[in-house]
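Have a look at the structure below, then the notes.
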There are 2 protein chains.
Amino acid sequence: MPTIRDVAKLANVGIATVSRVLNNNPSVSDETRKAVLAAIEALDYTPNPIARQLSTGRTLTVGVILPYLTMPSYVERLRGVQHALAETEYNMILFSVGSPSERDSYFKDLPRNNLVDGILIISLPPNDNQAERFARAEIPTVLIDAYHSQLCCILTDDVKGGKLATQHLISLGHRKISFLSDFLETPFRPSARYRYQGYRKALEENGIPFNPAYHISGERGRENAKKMANHLLNLDDPPSAIFAGNDIQAIGVLDAARESGVKVPDDLSVVGFDGIRDAEYTNLTTIDQHLYQSGVDGVNILIDALDIRPETPLEKRLSLNLIARGTTQTFSQKT
Amino acid sequence: MPTIRDVAKLANVGIATVSRVLNNNPSVSDETRKAVLAAIEALDYTPNPIARQLSTGRTLTVGVILPYLTMPSYVERLRGVQHALAETEYNMILFSVGSPSERDSYFKDLPRNNLVDGILIISLPPNDNQAERFARAEIPTVLIDAYHSQLCCILTDDVKGGKLATQHLISLGHRKISFLSDFLETPFRPSARYRYQGYRKALEENGIPFNPAYHISGERGRENAKKMANHLLNLDDPPSAIFAGNDIQAIGVLDAARESGVKVPDDLSVVGFDGIRDAEYTNLTTIDQHLYQSGVDGVNILIDALDIRPETPLEKRLSLNLIARGTTQTFSQKT
DNA sequence: TACTTTTCTGGAACCGGTTCCAGAATTCAA
DNA sequence: TTGAATTCTGGAACCGGTTCCAGAAAAGTA
């Protein structure tokens, strides 16, 4: 592999001059520039980015920390990140997290070793110590779908979304409304908890008493959601509508309904949350939280912060839309 | 940020000794090691990976080139890559490609600039020139879901898969079998073409004449597949079964059937290809091509190649399984 | 005790770029 | 013709690690 010194020797110039040509520095005469370019061509030379990184202190790389790509919502956010980053000169290193300890180790190391110029964190809220570390580090950090007062973040108002979904069911005439979700306490971001709060608020505002039997939570995943839905459907007084904490779980509810012959939306209305593609495929009514856009926004804020550190953390809230599809219907009293 | 020289000064040793401690070199006495570790602790020192990369010549990074994450199959393969890579000391830089020119520019630059130690290419076949470049470069390269005689690859036998799917329909009694897919010629890997070949072979081996009216191809995507399926269903003599080039298209076929009141599988059997999660959700019969495993295998071959360059390119073929679900049924002659 | 061997250590060179700074060559003004 | 300003250029230092190599200290052997 030829180095800058080989080029300099061949072109009969100093290495500083070659470097100037590489960086389009105007203070090089046309003649020498041509000679250098010819030498570069002749040797098929490419500058070594690592050496450049060491001397400039910039890596032109952004680190993205996110959970394993097990949930479509992570993928959709990542897609937005990737797309926005492609317009910049930055590359992206992916750190995917399968466990809290893995997360903590990335949170600890990444802001210190100068591997990346900026950090994006998706759906993984740092604790106070960790946030402090990120804030103190000279590496800008942006949270997507996670909140900390000390850091820039792109946020979704899950409480509002939960309210929106529940309100939709109420306005269709439902009063026996279940909330089915992940565990409300998790090591990762407990969005289910906020959505649950929205659910409770909507009930309250409409004077509908909360029935504890209609609230169920458990392990994530479609299979488990199906089991939980079966439990709900087998109650003596089953709900007429189920609001699931996310789209995958809503799809699990649809599975349960299909298997036990409960007709959707005739006998049961179902609402999900997220707005992933699967929701579209399954014709599911859901809350669209603009996952893709959250990735794009995160990148844009990060890129700005790389130029000029904001003296106070920025916060951006994404809007939410109810998408009414085929799994919800006006409640009709039957037999 | 403290450097190795700060640590050396504080610990009253040479920088070489600090480096030895960092790299667990055994030829350091316990006493000095302790002193160095204390200094590292006191200064909260972390070695700069970029500097290390420059002097060792290893970046401990693998580059992954793949199409934009628009298709679930890419995500699933990436998931396998990510998982396998997590077990190693390598990080992953993602290069996603949205156009042939973007692909070509990555293909050109990545093997030359020493940004990564190894390269994984997913679903993007290089041409002869490009493959030559990769093969000549000292950076090992592995293709996943793409073939070139000069490079290691992880392959799926699409012809065989196409045959398998068609055979399944034939053995259920179908004889009017459509093949619906992407364009057979694309700038990316034309897997549809090979699957089509398998389809033709299966017909031929079973003495079923090929009906050109039953072969349709067009733009990728679910919406388009729906349109194509509508065309097929409106033929004077419509097919009793449709084999779609991939699962997303098969789901588009299901959409079309639902909308026009064609009952699946009673009136129409549908088979997809890929084995993505959506196929499971939609209860689709499909060919599972072990997407996740292809990523894992690619990483393993690459990691081995980083240690010892294989003198001749390795090839690994993944198996294929028919997963019979609810969208295929024995053909029953009606009215 | 003298000599060899082993263990441990530090200086210096190196990886391949960028950039500061001083100086040569040219142009311009008086 | 001389001095000042301007334009180019190259040497050397620097980024922060790793590693070669030589030498000091300790241990082992005769």
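None of the values given here were measured: they were computed from a predicted structure. Chain letters run A, B, ... following the sequence lines, proteins first and then strands; every chain starts at 1.
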Short side-chain N/O contact to [N] OP1/OP2 from [X], under 4.0 Å:
{"X": "Thr17(A)", "N": "dG10(D)", "result": "yes"}
{"X": "Ser29(B)", "N": "dT7(C)", "result": "no"}
{"X": "Ser55(B)", "N": "dG16(D)", "result": "no"}
{"X": "Ser19(B)", "N": "dT18(D)", "result": "yes"}
{"X": "Asn48(B)", "N": "dC15(D)", "result": "no"}

Are [X] and [Y] packed together at the side-chain level, in the sense that at least one heavy-atom pair is separated by less than 4.5 angstrom?
{"X": "Met71(A)", "Y": "Arg220(A)", "result": "yes"}
{"X": "Thr61(A)", "Y": "Asp117(A)", "result": "no"}
{"X": "Leu151(B)", "Y": "Pro313(B)", "result": "no"}

task: Rounded off to whole Å, could you give me the CG-to-P distance for the Leu115(B) and dG17(C) pair?
output: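 In whole Å, dG17(C) P and Leu115(B) CG are 13 Å from each other.
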Under 4.0 Å between any heavy atoms, over every strand shown, what does [X] touch: base, sugar-phosphate, or nothing? Just pick one.
{"X": "Ile50(A)", "result": "nothing"}
{"X": "Thr3(A)", "result": "sugar-phosphate"}
{"X": "Asn12(A)", "result": "sugar-phosphate"}

- prompt: If you pin Arg20(B) and Ile4(B) to their nearest nucleotides in DNA chain D, which one's is more 5'?
  reply: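 Residue closer to the 5' terminus by nearest nucleotide: Ile4(B).
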task: Indicate the ring-plane relationship of Tyr292(A) and His83(A), choosing parallel, tilted or perpendicular according to the 30° and 60° boundaries.
output: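 If you compare the ring of Tyr292(A) with that of His83(A), the planes turn out tilted.
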query: Does Val18(A) or Val13(B) map to a spot on DNA chain C nearer the 5' end, using the closest nucleotide for each?
result: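 Closest to the 5' end, via its nearest nucleotide, is Val13(B).
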message: Both Val28(B) and Thr56(B) contact DNA chain C. Taking the nearest nucleotide for each, which residue is further toward the 5' end?
response: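 On the 5' side of the pair lies Val28(B).
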